[in-house]
Each structure stands twice: as structure tokens, then as C-alpha cells.
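Notes to accompany the following structure.
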Amino acid sequence: MSNQPQFFSPLTQKEKIASDNISLELIDFLGKINVRLKEDDVQARDAVEKYLTYSLPKSAGEVTGNNETRVLWLGPNEYLLLSEDEKKDNVINGLREILSDLFCAIIDVSDYYLTMRLSGPKSIEVLTKACPLNFDQYLTKGNSCAQSYISKATVLIDRLSDDLVFDISVRWSFADYLWDWLADSSNEFIFSEK
Amino acid sequence: MKYSLYNLVKNSFSYHENWEKAWSSPDLKPEYDVVIVGGGGHGLGTAYYLAKEFGVKNIAVLEKGWIGGGNTGRNTTIIRSNYLWDESAALYNHAVNLWEGLSSELNFNVMFSQRGLFHLAHSVHDMQEITRRGYSNYLNGIDAEILNQDQVAKKIPHINVNGRYPVLGALLQRRAGTARHDAVAWGYARAAENLGVDIIQNCEVKGIDISNGKVVGLQTTKGSVKVDKVGLVPAGHSSVLANMAGFSLPINSVPLQALVSEPVKPILDCVIMSNSVHVYVSQSDKGELVVGAGSDAYNSYSQRGSFDMIEHMMAPLVELFPIFSRLKMLRSWGGIVDVTPDRSPIIGKTPVKDLFINCGWGTGGFKATPGSAHVFAETVFRGEPNDIAAPFSLERHFSGALVDEAAAAAVAH
Amino acid sequence: MFIINCPYCGERDQTEFTCHGEAHIARPDNPSEISDEEWGRYLFFRENPKGTHFERWTHDHGCRRWFNVMRDTVTDQIIKTYKMGEAKPEISNE
Amino acid sequence: MSNQNRTIYGGKVNREKPINFVFNGKSYIGYQGDTLASALLANDVHLIGRSFKYHRARGILTAGSEEPNAIVQLGLGARTEPNIRATEVELYEGLEASSQNCWPSVNFDIGAMNNFLSRIFPAGFYYKTFKWPPSMWLFYEHFIRKAAGLGQSPTAKNPDRYEQKFYYTDITIVGGGISGLLAALGAGRSGCKVLLIDENPELGGYLLDYNFSINEKDGKKWLKKIIEELDGLANVTILKRTTAMGYYDYNYLTALEKVTNHHVEFSNTLPRERYWRIRSKKVILAQGAFERPLVFADNDRPGIMMASAGQKYLSRYGVLPGKSVVLFTNNDHAYLTAFEFVEKGAKVTVVDTRDLLNARISEKCKLLNIKVFKSYSVIKTYGDKKVNRIEIQQVDKNQNQLTGEVENIHTDCVLMSGGWNPAVQLFSQSRGKLKYDLKINTFVPDKIIENQKIIGSNNGQFNLQENLNESFEAGIAAANELNFNSVEKVNWTGKEEIEFTHSDVEPYMLGKKKVTKGSKHFIDFQNDVTAADIFLAQREGYISVEHTKRYTTTGMGTDQGKTSNVNALALMSHIHNKPVDEIGHTTFRPPYAPQTIGAIAGRSVDKLFDPVRKTSIHEWHVENKAVFEDVGQWKRPYYFPQNKEDIHQAVKRECLAVRNSLGILDASTLGKIDLQGPDAAKFLNMIYTNAWSKLEIGSCRYGLMCNEHGMIFDDGVTSRLGENHYHMTTTTGGAARVMSWLEEFLQTEWLDMKVFCTSVTEQWAVLSISGPNSRKFLEDLTNIDLSKENFPFMKFREGEVCGVKARIFRISFTGELSYEVNVPARYGRYVWEKFMEHGKKYNITPYGTETMHVLRAEKGFIIVGQDTDGSVTPSDMNMDWIVSKKKEDFLGKRSYTRSDTVRHDRKKFVGLLVNDKKTILPEGSHIVEKALKQPPMKMLGHITSSYYSPTLGYPIALAMLKDGISKMGEQVVVPLMNGKIIEATVTDTIFYDKEGKRNNE
């Protein structure tokens, strides 16, 4: 065993799906930072936006960002900041610094969630089997997000582009279940190709 | 006319044209010694025992719809007495004792069928829970057997003991079972009327007359009536009537749903309850699977629940009995259950003199029907609860002496 | 099956939410000074009205916020949803 | 001879494509396009099954989903399905079906003797007998149960898949008949999202079976064009073979789509059925109507069917159900069927209850030489397994009785038409109110509750011309109301040779005598409910419709009374001589038609039934043969057996390893909550019973959480990471409850408190190492100074472990020197494996929850949910030391001064040592005041935890005991179910290292 610490995620042993109708793959670890600011705390908000050089999402489903980081709306006082894994500590420290004397919480949740990517023309068909979201109303375009559930797992769905590409984040302990569920539900569309 | 095989045959020669009414529809009299509000099993039973055991002559039962139309006719008909706490055990076992003689007592077949009830245990914690309850039942003189996985598999054909939550064992009460819910209301009604009780349907109580803190009369959709004593047994509307009398209750009224499958030939000959996988099921004499589970979390008087509650009964049913997957849900329905903080009923006095209440049975009222009616009749007659009823007073919510049946099912570790 | 308008996330399926019972029951700020009966009423006694009801819901599978719902318990129709801290709406008598 | 009843031409079946199928073991040939029912009729099979109660011979009554009689056992083995309506089953190659509820065979059925005994089995007979002796009921019941039930349940696991789907749309239209199609066209042209649902394999509804014209041209061609246009519209989705099952508030519809039911080859990836959950801004109901049977003596024999069914079998399937046919009707429209039958070569006689007949019809009857008996009624039928003769008699409506000669007609098929009932089931489910329409004598929609329209015959509108335009405009209007642009209206002129006319409900004309004197006038075919039963129910006081329904079981069969309800209500109104509106009607309950349970369960079966929550180290446990325990949704290692060890041997070994050297536990499942903010300490002071203001940074403290009722509901260690920063741990099972509890107070009670709570449970893998060697062991792997001075008990440090950033909490649940090492989940398994590797020299031993339980019990540490049960206070657990006396207030505090919580004789937490030093008391067994020969015995408390203690070499137990503290050192008895009585001594709860030296090392 090398002395370099080894990553491990339960999804690494899963066989990924790649077909014309539907694809499912594991996303490598990302920097995931939970940012809590009081809803009406303009000062803290400005500080963060200044640091990020772009504005935070203002309402449900909004995603903002640049080529370094993206921020997803989780709640009126809660955001999920995504960065490259290596850079997450800088970001965390940076944010804590500029917010030092303000009421906030900057928490590393990079391992709290695991993320899998569902894509392809049938991806909404797969999701709507057990996700109650109205996809005519939510996640209708790229750079939008929504929280809901898929079957028995609470999820955060991040639509990356206008093409049907969805990054689905789920609590680590549910990842194994959710992957199996998505794979199972993709079956009929893989089959129908053949 | 007595109900018997002899009379059935005898009447068949006259094409059954000579049967009398099981109960009639008298007019509301201007005055009664006791009025029972609520024509479900508990209310009709209370009137019956008041007349039979306490010789009260002038009694009326007021029902806003048709008798037995509330939770009496909407439940999954499970009867058991294997409760944890002494207080509950005494109450529900009193009921089971009465159930056993009820058909003869009422001369009406209520089809109390002691097919045995299994509480399934799916985890170490479940095993601890059923063992504790089993021992407490055993020492209270209530029949209880603690079974292991093999015994369960042997006793319940087709059950899947190796599912996501394996069945590690079960608590069996053989004296438990089911009964024909409508028959309970009808049987009590017929027997009560034979003792002179007025059963008045389509008579809704609109107001309660109180003078110097004592109940004196009722305003109903069929006119007003003078009363000496009133017993409220209004499952599903307890708070509404309490408010009329000027007090409130520690109760939320929430939807509870149940369903039956299409009838099939006998396939399940006992009652199954699983708190962890969360479903209960039995097979009726007609052949229908009768399935129930938890109630909704929101207050409602609509007698409709949210459909996901039904959905959440089906997966567990298939998990426990994969062979039922191809059977069909035939009919589902909802009722209103009055839930108390400790899931135990409220039986006894109210802030209003001579106004008594029997409510808050939550999802467990049917099984208690004869016992509840019997102890409430005595409470109304004496003006004081007897030993069995006493722990279920309204005051326990101030003293803190809850009879918390929900508590014991807490999740461990 | 309600559609609930979460004050933060918008209209969502009822199954994303959980109901937590009657709203606007303030915790006594002087528990030690009130009687057992008053304490018992705070803990356990509820309006349970047949009609307009004010209740607390959480958007569990969403923003995880608590908010209030004004709903008719006879028709199950939701009249209004509003954020915690907002004033209790008036009941209009039709 | 095969297909002897098949017409040479006509119908939509493909005579080129024969299909082989088996019914009751006999092989038959049908054609592509047949249903099982039409194929059986084509082969002159009329006896399909036996009725529920009397086991009477029953045939095919209808041609659709309302069928009460022709229900069969379909398929074999694991795929067998009971109670399937032959009228709905599309024929496929190799189909096998058989009759139900008969033994030994449908032709010779022993149960049929019930029919002769039927006189002593009126409605509700079972309430009147089988009561004595009480002990015998189970015996009687055994036979009743055997006789009841219909088909057989499968006895093997269902091999098929069922999928589900959430769907949102602007408009859902239920019913693909002419009204539904035109509404869909109107809405579709307006451009809104439309979902059209129809239960049949083919759109078009009843117009597929009747001739009609549109603008003087052949209607069928026109219909085809309409459907083609709809298929072409991208915004219109059409679901065939799909039945709308439930209609709930907020326009929530559930529907069941048959995906592969009609195929012979079963698919492993394609579902058998798909269950739809549909949300619509608007719903348009266009479900049409059911034809109403007529009520007369023995109206249930095979060969007697609805006129519309006969029409459908003839015109759609090319099947002539009989050669010499009687049409028994009370309305004009049914004559179309008479004409159709004559054209196809049948001899037809009409019995019409009315005395006036419109001239055109009379002429055509003459022309086709159809003999018509006006104001006549069929009064009785004959024929063993199929009708062969009927008796008719004149009706005197004014006298409301039958008069004159009884005449005989020989026949092999009776078609009946008693008018039509709108299919109001879904409408009624949606809480729509019904009213009784005296013109057409049936219930029709009155008040609409949901955002909904109801059109066509579903709305009691039977005139084709009106329906065409109204339906189309309803579609447009619906779209408009959703702000879609209007489209041009169209004016079609539609014509049927005979229009629908007013029709009476007939049972009243039978005259009371006829009905009750033994003969059987069936109201509910499947449940064998006769007119006499309805009379009996009224006579005995079961007068409310619900009482009548429940007492007679009318309308409670698998058809849910689709054919029987209105007749039953009409009969009641006749008996009480009250308008039907005053009689009222029973509630229609979901589902509309029986709905597969497996489809509602969907994919939440087998391994997807419920999530298995796994820690980042889970796979290692699996590879190392851990036996797992379910804790909520988590799987936790219960113990790690080596070789052939049983649980006791394994746990003993694991315990001793911890006490003597080094053990390791995967504690990742513990709930973890990050608390930050200036008010965090103030918040903790309210949440926990003890005081938190003075906790230093870098320190840990144990806390108890109670609800406002004062009862313990969770516990755990919380550590102060920074000035305003805390790390809370909860029990595994309590994590979600605690998080919600904290948020509840922050979001609803103390809105101005500045605290953020964030769950970080899965962020951290928690490796708990415990044992005298744990410090020595860990020193080699971390850059943190573990010396007693620098890192004492109940402290927290940050640093690196195995090159991974880690948080170490020096807390102990075993009583040994312990460290809880937290590393990011992704490194959990890596560090665990490093530990196992480096731990070899200390014989590091992975242990499970059972060993954890034993070790903490030796120390008297409680487990919330095992030693407590939601009815105990901290004081009950002798934990007054953790309840702050100084604090003004905290959650639960007020409850401790109530009369019941200050009681002195409350149960208290104590230890027990059995006197024989070897019996392990069952957890859950009880301590009694006095052991008696048999119960009842007065209970004083119960055993909450009980183990053999490997450390001490004898069993130990923890218990709740009434007034336990004052009983220290006393003897108590615990009776076991096997009759044994165990004696034990009451002790305090700490059995090992009372001074707590070891974890302070």
C-alpha cells in the first residue's frame, strides 16, 4: 500500500452506463462548501460576492459562478459552493477570513455528498419515474438547480447545461442506493435501443 | 324475534317477510335521563350497558349520520389486548374478554374470529420491544408467545423472512383477531333498542346547553332536548363537541386510510402487524386482504387522506408477502381519527358537570369497543370513572401521568 | 394530494413536505411561573378546528425551511402559505 | 368446429391471424383483435364462471370494464392472476384461463347446491346464526372462508416489473370516445400540453360499434381522420390501455397503463404495467356511460347480455352471440342492435316495456319482420347453463303490475337495455356532487369542485349532434382558461339512425310479490344480491343506502357496482316511495377499477425496497465477514465472527481485546451536527439539560436532550471547536430527529438567535479506537502530542493521522482509554486499513455494536432507546448530576415539577446481579413484587440491558425498578415464561472500574 492517502467511494466499484439514450457516471470528488449567511445580512453577502467576484443566487433554483467556482441556491440562508477539490481549502480559508467578524458558517461538506452524472435524451424520463419535480417548471435550462427526492433519497439536482446533463448529489450513505436505483430505472431505455 | 338457525329456516318458508326491524327510527323525545352523542360501536355499546347493567330507562343515542358510519365502519377490524402498560392492558383486555361472549350476549353474530395476531420484529431493538411487551402481557395474564424466525416462517406460509428488514421473530397473541365491524354497531343497536333505548339517526348536535356549570340540554337538528346526563362519544369530532361545551382537548383529528384487495380464496389465516416495515394485513371472511398502516400527519375532517399513504402500504405488503404483488387493490377509504399525545384514549369527566367524554382512541378504537362502552357506561352512571377508566382522565395531561404507548417504540442506538 | 407553495421554493408536491401541527403556539417565556395546567395546555391542548387551521410545515426535501400554512380542514384547500415570523392572517368569513 | 358463432365478414378481428388459447383446459382458436370474451363467444362458450354466493352459472354480461360475471383466473404459476375480466383481456398466443369459484368444474360445481339452499341464505343470514357455541365460530368460519373468495392468489413471487411515473400537464382528458377525442382536438389545436387517457386498445369509444354519419358522410372515416390529426400533434400525448384509477384533490390523478399485459412474451426490462401520477391544471372527464341492466327473474343466465355488448361483439369482433335473439328494452336506441342482428342473419324478437313506439322504428321492424311485444316484460328465464326460454307478460303500468297470459319465447340470447348511467365514479371521487335526472332516470353530475369539466354522455348528454360541438368547444374553452389562444370553432352535423331517448328504471314494475316470493331478480350479479335482498334490508331497518349496501353487499363486488348501483337505489326509492334523490347514493371510492398492488409498490421491492445506508468503511466490514445489524436504515457491524465463532464467542473475544489491548469500532453512523454562531452556547444551554457556558475551546462534554414533556430523547457528546463553533454528536437513530428539533426552535421559536446548524454526519468517517494500548498505537500514526498532559480525557485536538487531516476526540463509551478519530469520509477506509495494519502488534480487534453494548453496560452507560423508552426523565436514570439547577430554563425543565414527575416511587435505573452468577436475564423480562405459581403478578420494573460480562466472568443486567434507589442490595425476583424464577440482587449501575480510572489514563 502506498503512503499516499487513498480516496475511496462506494461508487468506484459500480459499472457506469454509457448508451445513446442514457448515461450514468460517477463524478470525481469536488470541493463542496456549505455557506450559511443570514437572509438579510447585506454586509456578509457583499463580502462574499466581492470575494467570488460574482453575485450569489438570489432565489430558488438559481446557480451563479465563473470558471473557478459555482454557487447553488440551497435555501434563503444557505448555498453550496463548488470548486476544484484541490482549491477548496483556499476558498474556505479565504471566505472565513473576509467574514471573520460576521455571523456565518463556512463548512466543508465535500464528502457529505457524492455526485453522479445522469445524461442523455431519456434522463428526464428516468428521473420522473420517482422524482416529483415538475420538469416543465423546474430545471428547465442549464445552470439551474433544485432539491427534491428520487424514490427514497433526498437529492440536489444541478442541471449543468441546456443539454440534458444532470449532476445529482446525494448524502454519501445513500449513494449506493441511488446509483442502483438510477441504473435499474435506466434499464428499459438501454433495452429499447437494442 | 330471536336470531337462530331455527328461525332462519322457519322464516325461509315465509320468504323472510316476517323479520322485524333490527332497530326502528323513533322521534326525539323532549327529555332523557342520559343522551349518548355518537352512534358508533362505543356510543351504542355505552347505551346498551347503561340500560342492561345499570338499569337506566330513558336513554337516547344521537347519530348525526347513520349508525356505525364513522370509524366503526371504516377500520381494519383488528382486535388485540397485548399493550405494554398495565393501564392499557387492563382496558383492552377487559374488551377482549367481552368480545369473546359478545355474539351470544347480543344475539347477533359479530364474527369475532380469534385467528391470532403476529407483531413482527425486524431488528434487535424490535426483539427487545416485543420481549418486553410479551413479558408484561404474560405477567398481566394476557396470552403472549415470543417466536423466533423459524417459528414465524412455519406459522405464516408465504411470508418473506429474509427481506431488506429480515423477520427475526414475532410476538403472537392467539386470542387476538378480527370481527365484522358493521355487525358490532348493528348488534348493539338492536340489543339496546330491545332494552328501550331510542336510536336516532340523522340527528346532529348543534349546541350544548349548560347552566351553572352543569349540562342541561342539547340543541339538535331534530329539535332541542332536556337531559340529565350526556356522554360524548364522537370519534372524529371530539374537539368540535368539546368546543360546543366550552372546553378544548389534547387532540388532533387526522386522516387514517385503509384498503381492501379483491377477494381471493383463503391464503392468510392470521393477522400480521409490522411496525418497522409498516403495514398490517389480514384476510376477511369474504376473501379480501384488509390492509392498513399509519395516519397522515396533518389535521383534516375531509375523510380523505393523501394517496401516498396508500402507496406506502403497498411496498411493505409486497416486501412481506411477494406473492400478493399481482393481487388488486379493490377499494380504499379514509376516516378521521382523534389522536392524543400518548396515543391513549380519554375517558371520564369534563369541566362541565354531568357531561362525560370518551374519545381520543386514535387508530385503536375498534378493538376496545365493548370494554370502552362498558367502563364508560359505569362512568356516566356513577359520575366517577372505575379503576380501569381512571388512568385515562383528561387531568393526566396536567399531572404528566401519560399512558405513553407510543414511547416504547423509540428507536435505539 | 396537496400542491404546497413553499414561500422559498415555489409550488411543490406534498410528498416533499412534513406537517408539524398547529402554528402560532408561542413557548411560555416564564415556564417556571405558570401552573401545571397552563403548562399542560401549552404542551398538549390544540384548537383542532373544523374549518380554517394554521399549521407548520417543513420543506424537508427542499430548502429545509419551516413555514406556516393556512388551510381549511374540511375541504383541505390551502388558503395561504407564509414565512415564519409573519403575522397570522385574518380568517375571512366568506 | 371452431368459431361457429363468427360472422363470415365484418368486425375488426383479423381472420388471417388465428390465435391459439386455452380455457378450462380445452384449446380454442380466436383471431387477432379478439378479447378473451369475444373469442369464447365465437366458439360458443357461454358458461364462464360461478357466482359468489349461490354458485349460479354465469356468462358474459358486458363487453368492457364494468363486467361483473365473466371473471377468470388468467395465466399459470407465478404469473397467474385471479378475478380478471374476460371482456378486457386482449387475446394473445398461448393464453390460458380458467373458471373461478367452482369445484370440481364449472360445468359440475358442488357449490351449486347453495342455489337450492338459497332460501335460508338471504342477505345477512350470517349475522343471525353460527353464534352458538361461541367457541365454534372458528369452525363455522373455516367453511365460510373456503366458500367465499373468488380466484386463487399466486403462491410464488411475482416475476414481473412495474414502473411508475410522475407527470405534469395542462389538461388531462379521461376517455377517448368521441367527446374526449374532440375535446383533445380543441385543446390540442390551441397548443397546450394535453394528455388523453383511454382504457381500450383503440380510440373511438362506442362509435366504433355503431353506424353514424358526420355531415352526411360515413362517420367511421371521419373518426379515423380526427385520430390521425391528434396523433400528429406534438403537444398531445395519448395513453391507450390506460385506466384512470383515482381522482384526488388538487387535480391529482392516478392511472394504470398496461404495457405488456397483452403480449405473450414477458420482458425483464419492460414493465408489465406503468403506474402514472398525474398533475393537471385542468381535467376533462369524458368517460361515457354504462348501459343499465333490467331486473327480472333469473336475469343472470349465460346468454343474457347487455344490448350494447351484443352490438360490440357483433360489429367489432364479428361474433353473433345467438341465432334467435330477444331484445328486452325500455328505450329506442337499443333497436339499432336489433336491426344489426337481423342484418347479420339472426331472428330477433323485441320485448319493449313501453306501449308507444316511434313510427320509424315500427316500420323498420315490420320491414325486417321483427316481432315487437309492446308494454311487455320478460318475467322469467329458463335454461341450465345457458338461457333457452323466457316467459313474458303484459305490463299494466298504472296498476303497476303484470296482467294477462304468460307467453313463452324460445331463444338462445337475450339482449337487454335499461337505459344508460353516466360513469360518474371519477367525478364523484373528485367530490363532485350528483343529482338524479328524472328525464333519463339516473345520477348525473351537478356541482363540480375541482378545476374540471365533464362532457358528453359522462355528463348525461347522449345526443351525438350536441356532443360533437360541445366537446370540441369544451376543449378550446379549457385551453382558453389556461390562457392559450383560441382556435376556430367547427360545426359538424352528426347523425345516428336512432337517437337516444328517455328511459325508465324498471324494477318498480315487477310488483312486490313477484320479487320476494323466492324467485331471483338479480341487482348485483357478482355478489348475488337480489331484489328480495333489498326488500329484506329495508324491512329490517337497514334503510340508509350505506346500511343497505353493507347489509346486502350490493355494489361491493370487484365491479364496484358499475352495473348495479342505480337499479338498487331505484328499487329502494320504489320501496320507500320516495324520490331517488332523497334515497341518496353511496360514495364512490378509489380506485375506479381494481388496481395491481405490485404496480403501486413500483420498484420499491427487493433490494430497492428501502435504502441501505452504508459508511465509507462498509465494504471492508463485508469483506471481513461482519454480521450486520439494522439500525434504522443503516447497516452496522453487529460482530466479527472468526472461523466458526457464534455471537457469544465472538463478542467475548472482542470485549477482552478492548479491555486488554486494543479494539476498533466504525462509529461513522453517529449523527454529527456543526453549530456556529455567537449564540451557540446560549442555544446549547436551552437544548441540553446541563450547562455549556463554561466549556472551554478544545473541550468535550456529554449532554442529555429532553423533550418539553421532560423525557429523555437523545444524548451525545458536544465539543467546542472554536469561539462560536461546536461539533455535536447524536445517536445513530436520533440524528434526523435531533436536527429537526434544533431547527424547529431556531426557525419557529427563537428567530433572532444567531446559530447555524448543519448536518455533517457523512462528512466524517469515525474510527473509535479503544483499549489500554490505544495511545501507544496511535502515537506512531499522528503528529498530535497524545501525552496525558497535553491531551487529557474529554478534550479535542486537530492534526494529521496517517497523513490525513483529522479531528480526534478523546472520549470513551467503553470506559477504556479511547480516541475517536474523525477523518473525511473518502479516507475512512484508507485510514481504517492503515490502523489494521499498524495495529497488528497490539492485536487490534474490530468489534461491532454488540460488544460496544456489553462494554458500556459494564460501565453503566445508558443507551437511549434501550435503557430509556421515552417515558423516563434524567432523574429516573439517576442522572440528576447532568440537570442544571442554576439554569433559569431549558427544554423540558418545567415538566420536572409536575405531580407525576416528582413522584417518589417512579421507576429508577439500577443494576442487577443474578444470584446464580450464570443466568442471563432476557432483555424485557420483568421484576415482580412476588413470584406466584402463575400470572397475574404485580410488576415492579423490567430488564433493559442484560449480557454476560467477559471482563467480570458473570452476567450483568441493567433495569428500571420501582423506587429502585431505596432497594439497593435487596433481593428481587424475575419470573421467566418457561416457569423458572430467577433471583437477583439490586446494585448500582457501574460494574467495572467504578472510579473511572481507566479512561483517564
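Every value quoted in this text rests on a predicted model; they were computed, and no experiment measured them. Within every chain, numbering begins at 1; the chains are lettered A, B, ... in the order of the sequence lines, protein sequences first and strands thereafter.
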- Task: Identify which part of A:Lys32 has an atom lying under 4.5 Å from any heavy atom of chain D, answering side chain, backbone, both or neither.
- Result: neither

- Give, as side chain, backbone, both or neither, the part of A:Leu37 having an atom under 4.5 angstrom from any heavy atom of chain D. backbone

- Message: Side chains of A:Thr154 and A:Gln147, heavy atoms from C-beta outward: is any pair under 4.5 Å?
- Response: no

- Task: Let me know if A:Thr128 has heavy atoms under 4.5 Å from chain D in its side chain, its backbone, both or neither.
- Result: both

- Answer yes or no: is there a side-chain heavy-atom contact under 4.5 Å between A:Lys88 and A:Ser110? yes

- Task: Go through the atoms of A:Asp176 and report whether side chain, backbone, both or neither lie under 4.5 Å from a heavy atom of chain D.
- Result: side chain

- Under a 4.5 Å heavy-atom cut-off, does chain D meet the side chain of A:Gln137, its backbone, both or neither? neither

- Item | D:Glu744 side chain to D:Ser740 backbone, donor-acceptor under 3.5 Å | no

- Give, as side chain, backbone, both or neither, the part of D:Arg277 having an atom under 4.5 angstrom from any heavy atom of chain A. side chain

- Message: Please check: side-chain N/O of A:Glu49 versus main-chain N/O of A:Tyr54, any donor-acceptor pairing under 3.5 Å?
- Response: no

- Message: Report which part of D:Val612 has an atom under 4.5 Å of a heavy atom belonging to chain A: side chain, backbone, both, or neither.
- Response: backbone

- Query: Side chain, backbone, both or neither: which part of D:Val755 has a non-hydrogen atom closer than 4.5 Å to chain A?
  - Reply: backbone

- Note on the structure: Applying a strict 4.5 Å limit to non-hydrogen atoms, the region of D:Glu163 in contact with chain A is side chain

- Say whether, by atom type as modelled, one donor and one acceptor occur between the side chain of D:Asp679 and the main chain of D:Lys682 under 3.5 angstrom. no

- Message: Are A:Ser19 and A:Phe189 packed together at the side-chain level, in the sense that at least one heavy-atom pair is separated by less than 4.5 angstrom?
- Response: no

- Task: Measure distances from A:Ile106 to the heavy atoms of chain D and classify the residue's part below 4.5 Å as side chain, backbone, both or neither.
- Result: backbone

- Task: Would you mind checking which part of A:Ala105 comes under 4.5 Å of any heavy atom in chain D, side chain (CB onward), backbone (N, CA, C, O), both or neither?
- Result: both

- Under 3.5 Å, side chain of A:Ser100 to main-chain N/O of A:Arg96, donor-acceptor pair present? no

- Please flag which part of D:Trp634 lies under 4.5 Å from any non-hydrogen atom of chain A: side chain, backbone, both or neither. side chain

- Item | Contact origin within A:Asp180 toward chain D - heavy atom pairs under 4.5 Å | both

- Toward chain D, the part of A:Leu127 with a non-hydrogen atom under 4.5 Å: neither

- Note on the structure: If one checks every heavy atom of D:Thr615 against chain A at 4.5 Å, the contacting part turns out to be backbone

- Checking D:Thr761 against chain A: side chain, backbone, both or neither under 4.5 Å from a heavy atom? both

- Query: Side chain, backbone, both or neither: which part of A:Tyr113 has an atom under 4.5 Å from a heavy atom of chain D?
  - Reply: neither

